[in-house]
Each structure stands twice: as C-alpha cells, then as structure tokens.
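Structure first, commentary second.
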Amino acid sequence: MGDPKKLYIKTYGCQMNVYDSERMAEALGGQGYVPTDTPDDADMILLNTCHIREKAAEKVYSELGRFKGLKAARPDLKIGVAGCVAQAEGEEIMRRQPMVDLVVGPQSYHRLPEMEARAGGGVKALDTDFPAEDKFEILESRPKARRGPTAFLTVQEGCDKFCAFCVVPYTRGAEVSRPAARVLDEARDLVERGVREITLLGQNVNAYHGAGPDGDWSLARLVWALNDIDGLERIRFTTSHPNDMSDDLIAAHGECAKLMPYLHLPVQSGSDRILKRMNRSHTAESYIRLIERIRAARPDILISGDFIVGFPEETDQDFEDTMNLIRAVNYGQAFSFKYSTRPGTPAAERAQVDPDVADDRLRRLQALITQQQRAIQDSMVGRDVRVLFEKPGRMDGQMVGKSEYLHAVHVTDARPQVGESYQVRITHSGPNSLGGDLV
Ligand code: SAH
Ligand code: SF4
Ligand code: F3S
C-alpha cells in the first residue's frame, strides 16, 4: 500500500448535502482516500454544490476557477462536482470548466468510487441518473470511527410539491423514504460511536412514509422507535412542510421525551394570493392555526421559518401580510431570502419585482425577525435549560453546547466534557449565544 490519497470536500447548501458529503468521503475511503482540510495537498477535490439560488450556483464556477493553478501544477489532481448544481447543469459544467474530471448527481453518488477509478488522464465521467437502486443500501456502512455528539441522518429525499420558485423537485427527484429498519440500524450505530443527538433529514421530512415491519411508518412512528434507543438523548427533524404536519407528529411533540421542542416550519409568505401563486397549498390562516395546535401540544416549542420576499407580482400589501403573519407567530429563528429566479421553474416566467423594492422588504423583514429572535433568546435568562456540550469555546476553560431550543450556550466550568449534558441556569444573553452556570 502506498501513501493514502487525500480528499478535500467543500460543502454548500442544506444539511442533506452535509450528510451526503460524509457518505461520499466514506465511500471514497474504500479507494484509499483520507480527508484533508485544504485543497493545496489534495489528490481529489470534490465540491458538493447547491442550486437553490443563483448566487449559490454561481459560486461553484468561481470556486472552480480558483483551482486552475493547482490543476496546472498537478495534472493528476482529480476535480469533481457533486450535488444539485451537478444534477442541474452537469453538461454545462463539463463545457465551461474542462478541468473538471467528474460530475455526479445527488442520487448517483454511490457510483462515485467506480467513477473515480475511471476518471483522470483526460477521461471524464458524468452520472446524473435517478437510478432505481437505493444508494444507501449500496454504500458501504460507515466505518466504526468515533463521532462527535451530534449527527445528521437522511431518512427521506426528494420532493413532489413543486413550489413555483424551487429547483429541488428537479435536482433531487421524487419523494423517496428509506425503510424504517435501515434508519434504526444506522441510528444505533451512530449512538454506539458516541452520537447523543440525531437530526433526521429530508427535503420534506414529515412526509416520511418508509416501509416498516407492519406497513408504512409515519415520521412520528419513526421518532417513537428512536426514542427507545438507549444512549440517544435527543431527536430533531428538518425540514417540514406545513401540509404534512400530521396529528401523530403534533402529539409526539407533546409526549415524546427525546423529541426536542424546536420546529422548523417554512411558510414562505403571509399573503394568500402569493401562497397560491407559489403553489404552496396552504393559507396564512391555516398555517397560524397549525402553529396554535402545535403550541397547544408543546407550549414552549420554538418555531423557526423560511421566507421569500420579492416573489413575482408581490405587492406592498402582500408584503405587509407577511409581516403580519410574522407578528402573529413570533419566531425564535428564521431564514429569509430575496426571491431568486431559477431557470425552468414556473415563477421564472412571471413579472419580477424591482430588486431595490425586494432589498428594502428583506431589510424590514429581517429587522422584525431579529427583534423576535432576540426577545425569545433574552427570555431564557433566569431559566434552567439542558445543554448537550459539543466543543470547547473560544475562551480558555469554556465549553459550548446547545439547549433543547437549539440556542448556543457557553459555560466556564471544567466539569462538562464533549458529549455530556448538564442543567444550566442561564445568566446572560449575548448577540449570538447564551451564557450560564451549571446548576
Ligand atoms: N423543503 C423545504 C425547503 C427547501 S429550500 C421546504 O419546503 O420548506 C430552503 C429554502 O430556500 C426554502 O424554504 C425557501 O425559503 C428558499 N428558496 C427556495 N427556492 C428559492 C428561490 N428560488 N429564491 C429564494 N429562495 C428560495
Ligand atoms: Fe422546494 Fe417547495 Fe419542495 Fe420545499 S416543498 S423542496 S420549497 S418545492
Ligand atoms: Fe441546495 Fe440541493 Fe439542498 S439545491 S438546499 S443542496 S437540496
């Protein structure tokens, strides 16, 4: 055996890409690759890309441009593009950036080792199929390396909802759920390796309907089964769609001890007219009623959301409706974006909003969200929260972890080790985190 080859992966986009990057690194481990933190000494560079907004997609080309020198100096260096830009623009990437050796879509990366073996020396490989086989069954199981206390676990992929602005149904394909037994095996394996908190992932995770021993399981069934795994302390899931928030899942938020009181539930807009044009098939009113039912089951739950401003045809009144929805809900966290025109989606053909108007709306919306977020964070002062410690803080003797509500919490205390949980009394609220003392 020669020296191990080095693999540098850079990940963009959502948590599902983070999970996929881990799995790709493991798959390439079988080809003798070990991870490295820098492209400079890598034998292979892999960009795991995101296509959700124009800026995200354009980043790929500028990033590739930066590797030109490396490739010129070391022609053996292999450069690969994976993820959603690979799926959407595979052929164009090959054309625009001839130094790219391989392009692999999110549904075919189990074929990566074989593609890697084929690529190089001027031979190129492209695979953006949606194959019938399940990549997760073919991928080798994760090696038994020790893990940090938190992990992602993809349980569902793809989307059948076709919101008028969104590329995900095209880049990730139709909704597919992994069988429950596979998910539970992977979860047990993660726990054995030190994981204490698992976040179940899916583009529409609450539409999960994986095969179980007695018919299809809902996400709630899966959460309850995970709840029985000894050593697992916390369960989270993301991202949910309002239309798939079933009664059993709402009830689980009230009753399942390990399910954390945090829910990311994107709404996008508070205007019924715009929601209809977005093809969201829920109204502002139905969303607010849903939040009320969730809060009835779990009063302290922290609600997070996603918003798009400047969607085609959005008027001042539509935007005010969104601001009113935000006021009605009171968000603990939110991600907001200026609408980005995505070629091939229905909304791309419609009357676009003046970019300056959209910028102004985004500023106002973000100011309101920041205010709500901050008030909810500040209201933690004086309360006891449970913190799962994840890493040392920036200052000497400091440890940082997350509360049940996903707030970062730091303490200055020698007792907590990485992976341990303690009750912490919150004493202050800073710009990005809370501080406190062990109880
Ligand atoms: N499946 C999830 C979100 C997937 S994309 C859901 O349905 O909620 C993550 C977020 O990106 C979306 O919630 C939306 O707010 C934003 N987004 C998607 N397409 C966009 C576009 N064309 N322009 C701006 N933001 C977009
Ligand atoms: Fe995109 Fe809508 Fe599907 Fe979410 S539900 S991934 S926003 S199409
Ligand atoms: Fe981006 Fe693909 Fe995720 S487009 S947000 S990486 S599903």
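The structure presented is a predicted model; accordingly, all values stated were derived computationally and were not measured. Just so you know, ligand 1 is whichever comes first in the structure, and atom 1 is the first atom listed for that ligand.
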I'd like to know if the side chain of [X] and the backbone of [Y] have a donor-acceptor N/O pair within less than 3.5 Å.
X: Asn48; Y: Asn17; value: yes
X: Lys161; Y: Ser281; value: no
X: Lys78; Y: Glu116; value: yes
X: Gln352; Y: Arg350; value: yes
X: Glu390; Y: Val400; value: no
X: Asp244; Y: Asn206; value: no

For [atom], the protein heavy atom that lies nearest, with its residue and separation:
atom: atom 5 (S) of ligand 1; answer: Ile52 CD1, 3.5 Å
atom: atom 21 (C) of ligand 1; answer: Ser340 O, 3.7 Å
atom: atom 3 (Fe) of ligand 3; answer: Cys14 SG, 2.3 Å

Arg280 touching ligand 1 at heavy-atom level, < 4.0 angstrom: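 Yes; Arg280 lies near enough to ligand 1 that a heavy-atom distance drops under 4.0 Å.
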Does Lys338 have a non-hydrogen atom less than 4.0 Å from ligand 1?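 Yes, Lys338 has heavy atoms under 4.0 Å from ligand 1.
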Looking only at side-chain N and O atoms, does His51 offer a donor or acceptor that is under 3.5 Å from a partner on Thr171?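 Short answer, no.
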For Gln333 and His264, does a side-chain donor sit closer than 3.5 Å to a side-chain acceptor?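 Short answer, no.
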Under 6.0 Å from the ring centre and within 45 degrees of the ring axis: does the NZ or CZ of Arg96 meet both conditions for the six-membered ring of Tyr61?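 Yes - Arg96 lies over the ring of Tyr61, closer than 6.0 Å to its centre and within 45° of its axis.
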Measure from NZ or CZ of Arg53 to the centre of the six-membered ring of Phe337 and say whether it is under 6.0 Å with the direction within 45° of the ring axis.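 Judged by the rule, Arg53 and Phe337 form a cation-pi pair.
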Within-cut-off N or O pair, [X] and ligand 1, under 3.5 Å:
X: Gln203; result: yes
X: Asp306; result: yes
X: Gln268; result: yes
X: Thr239; result: no
X: Arg53; result: yes

How about Gln317 and Arg273: do any of their side-chain heavy atoms sit closer than 4.5 Å?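 No, side chains not in contact.
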Can you find a pair of side-chain heavy atoms, one from His241 and one from Arg280, that are under 4.5 Å apart?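 In contact.
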Evaluation steps, salt bridge (charged side-chain N to carboxylate O under 4.0 Å, His left out), between Arg23 and Glu26: CA-CA 5 Å; Arg23 301 299 306 258; Glu26 286 164 6; 3.6 Å; yes
Near [X], which atoms of ligand 3 are under 4.0 Å from a heavy atom of that residue?
X: Cys50; value: 1 (Fe), 4 (S), 5 (S), 6 (S)
X: Asn17; value: 6 (S)
X: Cys84; value: 2 (Fe), 4 (S), 6 (S), 7 (S)

What protein N/O/S atoms are there under 2.8 Å from atom 2 (Fe) of ligand 2, waters excluded?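 Hits for atom 2 (Fe) of ligand 2 below 2.8 Å: Cys163 SG.
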Do any non-hydrogen protein atoms sit less than 4.0 Å from atom 4 (Fe) of ligand 2?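 Neighbour list for atom 4 (Fe) of ligand 2 is empty of protein heavy atoms (cut-off 4.0 Å).
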Assess the residue pair Glu54 and Ser340 against the criterion (side chain to side chain donor-acceptor pair (under 3.5 Å)); give the C-alpha distance rounded to whole Å, side-chain angles, the decisive distance to 0.1 Å, and a yes or no. CA-CA 6 Å; Glu54 191 181 356; Ser340 171; 4.6 Å; no
If hydrogens are left out, which of Met16, Gln203, Arg342 has an atom nearest to atom 7 (S) of ligand 3, that is, the closest non-hydrogen atom?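 Of the listed residues, Gln203 has the closest heavy atom.
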Run the contact test for His51 against ligand 3 with a 4.0 Å cut-off on heavy atoms, strictly below, and give the result.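 Contact present.
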Are Asp378 and Ser429 close enough, and set up right, to give a side chain to side chain donor-acceptor pair (under 3.5 Å), and what steps lead you there? CA-CA 5 Å; Asp378 291 350; Ser429 172; 2.5 Å; yes
Show me which atoms of ligand 1 lie under 4.0 Å from any heavy atom of Tyr339.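 Those atoms are 23 (N), 24 (C).
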Going by the order shown, which atoms of ligand 1 are within less than 4.0 Å of some heavy atom of Pro266?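 Going through ligand 1 atom by atom, the ones under 4.0 Å from Pro266 are 8 (O).
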Proximity of Phe165 to ligand 1 by residue part, where a heavy atom lies under 4.0 Å: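 It is both parts that get close, each with some atom under 4.0 Å.
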